[in-house]
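Shown next, in structure tokens, is the structure this report addresses.
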Amino acid sequence: MECNRCDAEAVMHAAYSGAHLCETHFRESVEKRVRRRVRRDDLVPREASPENPRTWVIGLSGGKDSVVLTKILHETFAEDPRIELVGLTIHEGIAGYRDESLDACVDLTADLGIRHEVVSYEEEFGVRMDEVVEDDPENMAACAYCGVFRRDVLSRYAEELDADLLLTGHNLDDEAQTALMNVLEGDVSQIAKHFDASLGPLSEREEQAEFVPRAKPLRDVPEKEVALYAHLRELPAHIAECPHSSEAYRGEIQQLLYGLEENHPGTRHSILSGYEELASIVAERYRDDGDGADLRECVECGSTTTRERCRKCSLLEALA
Ligand code: SF4
């Protein structure tokens, strides 16, 4: 099959758009979607200048998503003195998994010449995920512990690195799954939080002084296209499943979406665009009604929380 835009052989077909694209035009199309999202979400504020540059910290796991995002943002802003990129990798302490992906992060950041910081749960909290899974004092899934620790490390280090923005490599599939899960779980406050934390134009999101704002510029690109892009560009992405992966419900939603997308191409795009509109309305209503929970400082670590002791400190106490 020929590319729709030139005579070259197509390397991919997107059923949701009907496009057949060759390697060159496919790469251009992925990069264009990321740059368009950066513009639409107002990620570079007007006040940014060479004298007043912005620091963007990218959560760099070494998987295909964060590697592709880092590569495209680097190519977009390499000559732009208003934006400085920093890669932040978290080592959870998972034998045979994170060491390899850390190598991918080191290779990529050395190749691109960007600053790279590595933080481990062991240094931060004195725990390794391999041991947490063995102990499991709260009888929870591994990802429930890991997610709490990761959010804490990302937020704290984004502040420590003086970040203006914390970027993650969530793709279209990830975001459509999260949207569907939030709706099916009926958790309206979670929908509002999801919007305020990472979706929609930065300039229209409520200024949240307590947190570094988040952004997901890869969220218009389906997972398979991210993987193909990483492969075609021979990026040093580490493709492996975490041995403690335990998000069974997300797996069910993922399978459901695969089926829907096959029978009704474009489903993920329509879920996400409808969800973002809905989430912006819900978030606004929550702000107007003052329905958001009161925030305070954790008595143990001082981080912002809605409880006396934050979830991370409660989990660490249980593990101790
Ligand atoms: Fe942590 Fe779960 Fe991700 Fe593994 S799959 S790194 S346990 S959140």
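When a ligand or atom number is given, it counts from 1 through the structure's own listing order.
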Considering only the protein, which heavy-atom contact is closest to atom 6 (S) of ligand 1, and what is its distance?
-> Arg150 NH2, 3.6 Å
Do the charged groups of Asp65 and Lys216 touch, with an N to O distance under 4.0 Å?
-> no
Please check if the distance between the ring centroids of His194 and Tyr275 is under 6.0 Å.
-> yes
Could you tell me the residue and atom name of the protein heavy atom closest to atom 1 (Fe) of ligand 1, and the distance to it rounded to 0.1 Å?
-> Cys146 SG, 2.3 Å
Can you name the one residue among Val153, Val148, Leu154 that meets side-chain contact (heavy atoms from CB on, under 4.5 Å) with Arg150?
-> Leu154
Examine ligand 1 and decide if any of its atoms is less than 4.0 Å from a heavy atom belonging to Glu241.
-> no
Heavy atom of the protein closest to atom 4 (Fe) of ligand 1 (residue, atom name, distance) = Cys242 SG, 2.3 Å
Proximal ligand 1 atoms for Glu92, defined as those under 4.0 Å from one of its heavy atoms = 6 (S)
Proximity of His91 and Tyr121 rings by center, below 6.0 Å = no
Side chains of Arg39 and Asp41: closer than 4.5 Å at any heavy-atom pair?
-> no
Backbone or side chain, does Cys143 get an N/O/S atom under 2.8 Å to atom 1 (Fe) of ligand 1?
-> no
Quick one: do Glu23 and Arg233 satisfy salt bridge (Lys or Arg N to Asp or Glu O under 4.0 Å)? Show the steps, please.
-> CA-CA 10 Å; Glu23 179 172 342; Arg233 298 213 61 183; over 6 Å; no
Atoms of ligand 1 less than 4.0 Å from Ser245 heavy atoms?
-> 5 (S)
